[in-house]
Structure formats: C-alpha cells, structure tokens
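Below: the structure, in structure tokens.
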Amino acid sequence: MPRERRGGSTPLSPTNRPNGEGRTREAASVTGAALLLAVFVVYALTASRLERAWISAPIVFVATGFVLGPAVLGLLAPRAENDALLRLTELTLAILLFADAATVRLGALREDVALPGRLLAIGLPLTMVLGAALAAPILGVPWPVAALVATILAPTDAALGLAVVTDRAVPVRIRRTLNVESGLNDGIVTPFVTLFLTIVATEEFVRQGSWAVGAAVELGLAVVAAVVVGGGGGLAFAESRRRGWMTPISEEVAVLSLALLSYMGAVAIGGNGFVAAFGGGLLFAALSRARDAEPTAGMEPDTREAVEFTETIGMLASFIVWVVFGALFVGPVLTHVPAFEAVVYAVLSLTVIRLVPVAIALAGTHLRADTVGFIGWFGPRGLASVVFSLIAIEELAATPVAEPILEVVTLTILGSVVLHGVTAKPLAALYGRRVRADGTALELAKVSEPRVRRKALTRT
C-alpha cells in the first residue's frame, strides 16, 4: 500500500493537478523546448554552411532566444531569479575557464610572448580604466558601478569571431595573439568583477560588512580550491595514467569533473568559483604533464581528447546561455526605445574603449597600422560578459543600478554578436590579402599554429 504523502495528497490527486492556466503554461514550455531542440539539430546539420554565410552560432541562438522568449512567442520565459538557470550559466563559464587554462601552451607562447603579453598586461587594464572613466559621466552612475560595467565588458571571446582565429589567410602570429588573449583575459578579469560587484552590493546595502575583506576572502579561498582541486587533481591524473588505471572515457570524465569540482568546491567554502576554475585549469595543465617537452609540440593526444570533451560540453551549454541571453536580456531591451546614453556607451565600448588601449599596448612593436586596427576591432564581447552580467543583475535586482547595467551590457553584447559575427570572415580575408602582399611584414614571422580556443562545429 503506497505511503500517503504529507498533507494527504498524491501527485495525481486533484489538489496537485495543474489548472487550466498551469496546463497552458506547461504546454507552451514543452513546445518551446521542442522548437529549441529542433534549432539545435538544424544548426548542427548546417553549421559549416551558416559560417560561410557569416552567420555564427551566437547569432543563431540569440535570435532563437529572442523569438521563443516573452518578447515574441512567449514559449520560453526564463527568469533572472531562477537559481537553476543562474547555476547553469555559472557552470558553463567555469567549464570553459578551466578548459581554456588547461590548454594554454605556455611553452609555445615563449616563441612570441610579446603581443599577447602586451594585450593582457597593458591593453586589458587600460580597457577597464578607460571604460570606467567614460561610463561614469555618460551613464551618470557612481564610479563603482562604472567600474563594474567596464570590467563586465572587458573580456573578449574568440568564439564570436571564430573565422578570424581559424582562417589561415590571417598570419599565424596574429591569430595566435587573438586566441591567447581571449583564452586568458576572462580569467584575469574575474577577480576585478568580483571586487567591483562586492563594492556596489555593499554600497547598495545588498551585502553587509567590508567589501575589501569580503573580496579578499573570496579570492583567497578560490586559490585554496584551485591548488587542492586543480593541482591535486593534476598530480593524481598523471599518476593514474602512469599506472594505467584510466580508460580514454574515464580521462574525459576526470577532466570534466575536475572543472566542475574546482568551481563548486570554491563556492562551497565561500570562495570565487570562476577564479578557482581558471587557476585550477592552469595547475592541472602544469602538473598533469599534459604537454610534450618540445615548446612547439601540442598536448599529448589522450589528454587533448579528454580536454576537448570538456570543451564540447561547455560549447553545448554555451548555446543554451546564448538562448537565455536572447530571451531574458535582448527581448526586454528591444521592446522599448533604449536610452540614448546606453547606446552611446555601447558604441564606444565596441570601438574607442577597445581600439585605443590596443593601440597603446602595441605601440613600438612595428606592426602595420591595419594589423593594429584588425586586432583592435576583433575584441568581441561574449559568454563571459553574459554570465558576469547575469550574476550582477541577480545580485543587484532590487537596486536602482540594475536596469542601467542590464541595458548597456545587453546593447554592447548584442552589437558585438552581430557586428563581429558578420565581419569576421570578410575582414579576415581582406586583411590576410593585404598583409601577405607585404613580404617584409613582421606579422609573417614563423611561429607555431595556435590551438583554437574551442573546438568548432565548422570546417576550417
């Protein structure tokens, strides 16, 4: 005899059956999910053809989210306060941060560390400073909010301009520079996003206590988690492989599990999960012997395949995040006339705020002017900015600063998805022809091929 549930009702009892309105919502959600899966199938079957037509995956899935979301069909209605949705976006970024860090070929970077080093050490800080300096007067927000907006929009994502880092018309040196920059800058920016979000939340009375102490504790505990999970996991991975205890499938599971554990472990002890994931990936790579001894060599084939599995899972999850962005962010923003100030800042963020720091960072390298402009233009804002903004909006939902942050960040990312997506292939081809016509260009120096940040669905 089945045990009676508390309250005397069962899942099929009248008190638990959905009413007419509930059934309608459920039917709409199921229909929306089915249509979303159909889009996944169609995209997978036509990915290479779409890429040749200058239509990137983010364009497809942002548009899908917008159409299926509340602004148009209303079949998908994600909410910012949905804990499961927020956790999915956070785990997606954590997986990709770990994978990015685990596949950075430090030995190969020694061939030509100057260009990515300048962009990360000079260009990235200048981008955050200039972005904050312009956001404060243009948006009319306090400096902590301006700094938060600038840091959210600072990291770049090569996935939005995949044609640039895979098109062999573009010199290897330039492709690798953009690839390394996008692979590392989101991890570098994470502590600053944490810091400024903590300051804003404290000033808006969302959090209690000292922002400095809170940020320091989060970062410190993140380092502990990275050392224990990434470092310890890397050593265990290497030893287990040496003893022949793993299978190819178990290696893939191990890497994915370490990526998730580095994030969740840090969060469980009160640390910053993104910093832990990025640091854990670096330590895993260093201690698992994931690379050959030669500086120009790639990863060991087995480890490369294990990490690529994690990247593939992250890529699939990122498509869902782009759908959420289209439904939750783009829909509400495009259903009304955006504030003029937000539009101005979005335009500046995609141009001046990126181009000027890049030009300063590359001064003295004797690169061609069109190379500096090419690198400056291809700084697309992508997944990291989406996840950081979703976290910020969830944290600051009850404050007056949430709406301006949402609007300006959405406009900037949406502009980047469209503009960088459609210009990647034609500008890569044009730039490649121009620079290769100059046989003396420093850009043509012989260096090893970059490893694409994320396995592509398209042919290269």
Side-chain angles (χ1 to χ4, degrees), residues 89-90 93-94 96-97 100 119-157 160 181-204 206-207 211-212 214-216 218-219 222 272-279 325 329 342 345-346 348-358 360-361 379-396 399 401-402 404-413 415-416:
T89 61
E90 291 174 343
L93 181 58
L96 294 175
L97 283 172
D100 285 345
L119 290 177
L120 293 170
I122 301 174
L124 183 58
L126 286 178
T127 298
M128 292 188 285
V129 171
L130 180 58
L134 293 178
I138 293 175
L139 302 177
V141 295
W143 78 263
V145 178
L148 177 60
V149 169
T151 52
I152 286 175
L153 295 174
T156 59
D157 187 350
L160 267 70
E181 180 199 18
S182 68
L184 296 180
N185 59 13
D186 41 10
I188 295 172
V189 162
T190 296
F192 295 97
V193 174
T194 300
L195 172 64
F196 293 122
L197 179 56
T198 304
I199 295 174
V200 174
T202 301
E203 292 193 350
E204 295 291 334
V206 176
R207 294 187 186 180
W211 61 263
E218 281 193 28
L219 296 178
N272 185 285
F274 298 129
V275 174
F278 184 72
F325 174 73
F329 284 28
Y345 186 83
L348 291 175
S349 180
L350 296 175
T351 54
V352 175
I353 295 174
R354 165 71 180 179
L355 291 166
V356 171
V358 167
I360 294 174
R381 312 317 194 272
L383 188 72
S385 294
V386 173
V387 177
F388 291 151
S389 57
L390 184 60
I391 294 171
I393 298 305
E394 193 271 342
E395 179 85 8
L396 305 172
T399 70
V401 302
I405 292 176
L406 171 65
E407 186 170 50
V408 72
V409 168
T410 299
L411 290 173
T412 305
I413 298 174
S416 182

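- For Pro404, there are no side-chain contact (heavy atoms from CB on, under 4.5 Å) partners at least two apart in sequence or on another chain.
- The OG1 atom of Thr156 lies 3.5 Å from the CG atom of Asn185; values are rounded to the nearest 0.5 Å.
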Exercise for review: Any chance you could lay out the side-chain contact (heavy atoms from CB on, under 4.5 Å) test for Phe196 and Ile152, step after step, and finish with the verdict?
Suggested key: CA-CA 10 Å; Phe196 293 122; Ile152 286 175; over 6 Å; no
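- Not counting sequence neighbours, the partners of Phe325 by the ring pair (Phe, Tyr, Trp, His ring centres under 6.0 Å) test are Trp322, Phe329.
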Check your understanding: Going through the checks in order, is the side-chain contact (heavy atoms from CB on, under 4.5 Å) test met by Leu350 and Arg381?
Key -> CA-CA 8 Å; Leu350 296 175; Arg381 312 317 194 272; 3.7 Å; yes
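- Heavy-atom minimum distance, Ser389 versus Val409: CB-CG1, 3.5 Å.
- Interatomic distance, CG of Leu348 versus CG of Leu153, reported as 12.0 Å (0.5 Å rounding).
- In this structure, the salt bridge (charged side-chain N to carboxylate O under 4.0 Å, His left out) partners of Arg354, at least two apart in sequence or on a different chain, are Glu181.
- The OH atom of Tyr345 sits 4.0 Å away from the CD1 atom of Ile353 when rounded to the nearest 0.5 Å.
- Contact annotation: the side chain of Leu93 approaches that of Phe388 to within less than 4.5 Å [non-hydrogen atoms, C-beta and beyond].
- With rounding to the nearest 0.5 angstrom, the OG atom of Ser349 is 9.5 Å from the CG atom of Leu134.
- Under the side chain to side chain contact (heavy atoms under 4.5 Å, CB included) test applied with Pro155, the options Val193, Thr190, Leu184, Asp186 reduce to a single match, Asp186.
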Name the atoms and distances for all side-chain donor-acceptor pairs under 3.5 Å in residues 119-133, with sequence neighbours left out.
residue, atom, partner, partner atom, Å
Thr127, OG1, Gly123, O, 2.8

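- Using a 4.5 Å heavy-atom threshold, the side chains of Ile413 and Val386 count as touching.
- The backbone N or O of Ala222 lies less than 3.5 Å from no partner atom in the side chain of Asn272, so there is not a single donor-acceptor pair.
- Taking each heavy atom of Val189 and Ala154 in turn, the nearest pair found is CG2-CB, 4.1 Å.
- The shortest heavy-atom contact between Leu97 and Gly187 is CD2-N, 3.7 Å.
- Shown are Thr399, Val401, Ile405; of these, the side chain to side chain contact (heavy atoms under 4.5 Å, CB included) with Ile393 is made only by Ile405.
- Every residue meeting the salt bridge (charged side-chain N to carboxylate O under 4.0 Å, His left out) condition with Glu90, not counting sequence neighbours, appears here in chain and number order: Arg87.
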Could you tabulate the donor-acceptor pairs under 3.5 Å formed by side-chain atoms of residues 136-151, not counting sequence neighbours?
residue, atom, partner, partner atom, Å
Thr151, OG1, Ala147, O, 3.0
Thr151, OG1, Leu148, O, 3.0

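- Within the 4.5 Å cutoff, the side chain of Thr198 has heavy atoms near those of the Thr202 side chain.
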